[in-house]
Amino acid sequence: MNLQQLFTIQRQLDQHIEDKHQLHKEDLVPRKLLALLVEMGELANETRCFKFWSVKPPAEDAVILEEFVDGVHFILSLGIEKGYDYLTELPKVKAAGSKTAQFLQVFAQVSAFEQDLSKENYVNMFASYMKLGDMFGFSAEHIEEAYMSKNEVNFKRQEQGY
């Protein structure tokens with residue numbers, strides 16, 4: 001995965017949003033952290049991996065991938081905010097077990113990053129999130145393609161008064 005390319009593209013979207021909404025002097029980290037958690041909840045809801053009480057199947061892979069890359073947008077944006085956008089690769093991490101366990105692991109990593117905005121916590125959060133995508137069968141190429149596509153949608157939304 002070309003992280004540098006993704007950071008560059010995310011920086012352009014962030015700049016556009018900050019310019020449009022005059023947010024240059026505001027600390028957006030708390031809002032971006034909450035947005036990431038909300039997106040992760042939406043992703044979990046689409047996967048239905050925790051819904052032991054239901055027989056309804058998960059959403060289609062395309063829907064799950066789109067929700068997944070919404071989280072990637074906010075993780076990249078947080079990296080830019082904290083100056084970690086020079087990263088070129090992430091460590092491989094071991095899965096926490098089930099998909100549900102991995103979701104809980106990522107939620108814990110986001111919380112750890114919120115408490116201590118260190119590079120180590122950021123990398124752990126990002127790597128754990130990418131492991132979650134891997135567990136759903138998303139390759140780096142699939143994630144990059146979906147990210148690029150959703151980024152275009154996000155720019156259009158900004159132009160349409162989203």
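Computed from a predicted model, the values in this text were never measured in an experiment.
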Do Leu36 and His73 make a side-chain contact, defined as non-hydrogen atoms from C-beta onward lying under 4.5 Å apart? no

query = Are any non-hydrogen side-chain atoms of Phe136 and Phe68 less than 4.5 angstrom apart?
reply = no

Do Val29 and Val72 sit in one hydrophobic cluster, given that two such residues count as connected whenever their side-chain heavy atoms are within less than 4.5 Å of each other, even indirectly?
yes

In this structure, CG of Asp14 is separated from CG of Asp19 (nearest 0.5 Å) by 10.5 Å

Closest non-hydrogen atoms of Leu37 and Val110, given as atom of the first, atom of the second and distance, are CD2-CG1, 3.6 Å

Residues Ile64 and Ala59: closest non-hydrogen pair is CD1-O, 3.4 Å

Value for CD (Glu39) from CG (Asp70), rounded to nearest 0.5 Å, stands at 4.5 Å

One should read off an interatomic distance between Lys82 NZ and Tyr122 OH, to the nearest 0.5 angstrom, of 12.0 Å

The reported gap from CG in Leu33 to CD1 in Ile75 (rounded to nearest 0.5 angstrom) is 10.0 Å

Side-chain donor-acceptor pairs of residues 83-95 under 3.5 Å, sequence neighbours excluded:
unit_1	atom_1	unit_2	atom_2	d
Tyr84	OH	Leu117	O	2.5
Tyr84	OH	Lys119	N	3.0
Asp85	OD2	Arg11	NH2	2.2

Value for CD1 (Ile17) from OG (Ser77), rounded to nearest 0.5 Å, stands at 7.5 Å

**Prompt:** Is it true that Leu78 and Met1 fall in one hydrophobic cluster, defined by side-chain heavy atoms closer than 4.5 Å?
**Reply:** yes

Notebook entry, point to check: Side chains of Arg31 and Leu34: does their closest heavy-atom pair fall under 4.5 Å?
Noted result: no

- [ ] Treating Ile, Leu, Val, Met, Phe, Trp and Tyr as nodes and any side-chain heavy-atom pair under 4.5 angstrom as an edge, say whether Val153 and Leu43 lie in one connected cluster.
- [x] no

Here the pair of heavy atoms bringing Phe7 nearest to Gly79 is CE2-CA, 4.3 Å

Side-chain touch Gln102/Gln105, heavy atoms, less than 4.5 angstrom
yes

Besides Trp53, the hydrophobic cluster formed by Ile, Leu, Val, Met, Phe, Trp and Tyr side chains linked at under 4.5 Å, directly or via other members, contains Phe50, Phe52

So the side chain to side chain donor-acceptor pair (under 3.5 Å) pairs with at least one residue in residues 129-141 (sequence neighbours excluded) are Lys131-Asp134, Ser139-Glu141, Ser139-His142

I'd like to know if the side chain of Ser128 reaches the main chain of Val106, judged simply by a donor and an acceptor atom lying under 3.5 Å from each other, with no hydrogens or angles considered. no

Closest heavy-atom pair, Thr47 versus Pro58, reported as atoms and distance to 0.1 Å, is O-CB, 3.1 Å

Would you check, one step at a time, whether the test side chain to side chain contact (heavy atoms under 4.5 Å, CB included) holds for His24 with Gln15? CA-CA 9 Å; His24 296 286; Gln15 188 68 50; 3.1 Å; yes

Self-check item: Close side-chain approach of Glu144 and Gln5, heavy atoms under 4.5 Å
Solution: yes

If hydrophobic clusters are built by linking Ile, Leu, Val, Met, Phe, Trp and Tyr wherever their side-chain heavy atoms come under 4.5 Å apart, do Leu132 and Val38 end up in the same one?
no

Do Asn2 and Leu6 have side chains that get closer than 4.5 Å, going by heavy atoms? no

Item checked: Linked, directly or transitively: Leu3 and Ile80 (ILVMFWY side chains, under 4.5 Å) -> yes

For this session: Would you please test Leu13 and Ile9 for side chain to side chain contact (heavy atoms under 4.5 Å, CB included) and show each step?
Result: CA-CA 7 Å; Leu13 178 61; Ile9 292 166; over 6 Å; no

Output for pair (Leu28 CG, Glu81 CD), nearest 0.5 Å, gives 5.0 Å

Checklist line | Non-hydrogen side-chain atoms of Asn121 and Met125 separated by less than 4.5 Å | finding: no

Original post:
Within the distance-only criterion (no hydrogens, no angle test), does the side chain of Asn124 pair as donor or acceptor with the backbone N or O of Glu120 below 3.5 angstrom?
Top reply: yes

| query | Ser111 side chain to Phe107 main-chain N or O, any donor-acceptor pair under 3.5 Å? | reply | no

